[in-house]
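Please read the structure below before turning to the comments.
Heavy-atom basis, side chains included; hydrogens, waters and symmetry copies ignored. Naming convention: chains lettered A, B, ... in sequence-line order (proteins, then strands); numbering from 1 in each chain. These figures come from a predicted structure and were not determined experimentally.
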Number of protein chains: 2
Amino acid sequence: MSEPEPELETMDKRVQRSKQTVLAATYKLLSEGGIGGVSVDGVSRLSGVSKTTIYRHWPSRTALLLDACSKLGTGPTIPDTGSLKGDVTMLAKHLAHELQSARWPAVLPSIIDAAERDPDLAQLHAGLHAGLMAPFLEVAERARKRGELAPGQKASEIVAAIVAPFFYRRWFSREPIDEEFVKSAVRDIVGRSKYK
Amino acid sequence: MSEPEPELETMDKRVQRSKQTVLAATYKLLSEGGIGGVSVDGVSRLSGVSKTTIYRHWPSRTALLLDACSKLGTGPTIPDTGSLKGDVTMLAKHLAHELQSARWPAVLPSIIDAAERDPDLAQLHAGLHAGLMAPFLEVAERARKRGELAPGQKASEIVAAIVAPFFYRRWFSREPIDEEFVKSAVRDIVGRSKYK
DNA sequence: ACAGCACGACACAGTATCGTATCATAAGCA
DNA sequence: TGCTTATGATACGATACTGTGTCGTGCTGT
């Protein structure tokens with residue numbers, strides 16, 4: 001918002017290459033060691049781009065970190081099966097798969113930790129979280145318009161109810177997220193939305 | 001387990017005092033800055049105990065850290081109101097209060113982050129988690145014996161179902177955990193246990 | 001072809017960290 | 001009281017990190 005953002009097109013090829021290389025390396029270190037595992041020296045070593053150049057493009061380590069983190073949670077395509085159950089099933093399966101294979105789940109705890117103290121990171125976390133939840137929210141909203149949700153029920157509550165058990169499993173109880181679990185989670189949600 | 005643990009009674013008064021002082025300082029730094037916020041130098045400065053002495057009692061920073069962390073989750077007294085709803089209500093209120101005021105919720109993310117990579121910390125996390133869940137598990141088990149749970153329902157599932165939304169709120173959506181939320185969470189659980 | 005600009009290779013200052021070592025002091029224990 | 005033992009002050013070496021400064025080289029856009 002405050003950055004002029006000088007249009008990738010008009011950028012010097014060398015700058016493009018450098019920035020991209022550096023971001024890739026940062027992302028790798030990030031996913032391997034969390035926020036604490038990222039140092040400018042480390043990024044320089046891994047990427048082969050000299051530290052001097054890195055500091056030419058990012059004013060500080062924090063800036064680089066925020067830049068890399070912001071490209072973390074690219075959501076899936078939003079399904080549209082026509083029913084809440086169908087949509088949620090697809091999203092839940094996708095989430096289950098990502099939680100166990102993608103790289104961002106390994107990074108998120110360190111962001112949450114940092115957000116506990118640093119306002120900038122808290123904001124970043126809010127953005128990431130919103131991005132992750134967006135598909136679920138969209139699906140819930142549609143169900144609402146279809147009349148599949150009880151009157152008093154907020155869409156965000158549905159979203160929390162479906163996602164919370166997944167997160168709990170991934171980071172707190174650390175149990176595997178198998179097909180059985182996904183099924184029962186979806187069942188709970190759908191059951192809850194219909195009655196009462 | 002593997003440590004001889006030389007009986008607090010027989011310890012030199014000076015040792016007792018040092019260890020306690022150091023642990024207190026460590027705990028404070030831990031709750032303020034997470035695991036990353038604890039350095040031996042920092043503990044020394046804050047506690048007034050010299051670094052030399054700290055290294056006399058703990059072989060490494062990690063050892064000190066594990067020692068301090070292990071005293072983190074001292075659970076509440078387990079209620080016994082005679083019904084699942086009563087018990088869960090009490091525990092949920094207690095949890096809600098702790099999540100917003102106690103110090104361990106600020107530390108847990110850093111432990112989870114570390115557990116993502118360090119096996120020792122993963123074990124520590126497992127222990128803490130077990131300690132936190134124990135009261136809920138006990139209460140659920142009792143409900144089971146009373147016949148308040150459906151046959152196929154595992155106690156641990158009930159526990160996960162009640163706790164997950166609290167954790168989600170505290171660390172992911174970062175919404176306040178008010179009385180309304182606690183009520184509806186309890187309602188969900190009790191409803192789920194009775195039918196089907 | 002040529003000028004400008006980005007680049008890499010240093011080197012540097014300042015800070016913070018983990019552990020270790022030495023030695024004098026003071027507290028506790030018998 | 002006197003002996004043992006924990007402690008504090010201090011310095012040290014090794015490492016890692018942030019961020020800046022300098023300078024020569026070579027890629028890029030015109």
Classify the side chain of [X] versus the base of [N] as yes if they form a donor-acceptor pair under 3.5 Å and no if they do not.
{"X": "K51(A)", "N": "dG8(C)", "result": "no"}
{"X": "R17(B)", "N": "dG28(C)", "result": "no"}
{"X": "K13(A)", "N": "dG29(D)", "result": "no"}

Please report the distance, rounded to the nearest Å, between [atom1] in [X] and [atom2] in [N].
{"X": "L29(B)", "N": "dT17(C)", "atom1": "CG", "atom2": "P", "answer": "10 Å"}
{"X": "R56(A)", "N": "dT18(D)", "atom1": "CZ", "atom2": "C1'", "answer": "16 Å"}
{"X": "R61(A)", "N": "dA16(C)", "atom1": "CZ", "atom2": "C1'", "answer": "14 Å"}
{"X": "D41(B)", "N": "dT17(C)", "atom1": "CG", "atom2": "P", "answer": "6 Å"}
{"X": "I35(A)", "N": "dT18(D)", "atom1": "CD1", "atom2": "P", "answer": "13 Å"}
{"X": "W58(B)", "N": "dA6(D)", "atom1": "CH2", "atom2": "P", "answer": "14 Å"}
{"X": "Y55(A)", "N": "dA6(C)", "atom1": "OH", "atom2": "C1'", "answer": "19 Å"}
{"X": "L64(B)", "N": "dG19(C)", "atom1": "CG", "atom2": "P", "answer": "11 Å"}

Any [X] side-chain N or O less than 4.0 Å from OP1/OP2 of [N]:
{"X": "H57(A)", "N": "dA6(C)", "result": "no"}
{"X": "R45(B)", "N": "dT17(C)", "result": "yes"}
{"X": "S18(B)", "N": "dT7(D)", "result": "yes"}
{"X": "T53(B)", "N": "dG8(D)", "result": "yes"}
{"X": "T52(B)", "N": "dG8(D)", "result": "no"}

inquiry  = Would R142(A) and E138(A) count as a salt bridge (charged side-chain N to carboxylate O under 4.0 Å, His left out) here? Give the steps.
reply    = CA-CA 6 Å; R142(A) 278 207 298 250; E138(A) 168 66 22; 3.3 Å; yes

ask   = Hey, are T53(A) and R56(A) close enough side-chain-wise for a donor-acceptor pair under 3.5 Å?
value =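 Per modelled atom types, R56(A) and T53(A) side chains form a pair under 3.5 Å.
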
key: Residues E141(B), R146(B); criterion salt bridge (charged side-chain N to carboxylate O under 4.0 Å, His left out); working and verdict   = CA-CA 9 Å; E141(B) 284 293 358; R146(B) 262 190 251 111; over 6 Å; no

inquiry  = Under 4.0 Å, heavy atoms only, any strand: does R14(B) hit a base, just the sugar-phosphate, or nothing?
reply    =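 The residue R14(B) makes base contact.
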
inquiry  = Considering every strand and a 4.0 Å limit on heavy-atom distances, what is the contact class for G48(A): base, sugar-phosphate, or nothing?
reply    =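 Here G48(A) touches the backbone only, sparing every base.
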
query = Is a donor on one side and an acceptor on the other found under 3.5 Å between the side chain of S31(A) and the backbone of R103(A)?
reply =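 Side chain of S31(A) to backbone of R103(A), a donor-acceptor pair under 3.5 Å: no, none is there.
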
task = Identify the residue among Y168(B), F172(B), W171(B) that makes a ring pair (Phe, Tyr, Trp, His ring centres under 6.0 Å) with H129(A).
result =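 Among Y168(B), F172(B), W171(B), the one meeting ring pair (Phe, Tyr, Trp, His ring centres under 6.0 Å) with H129(A) is Y168(B).
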
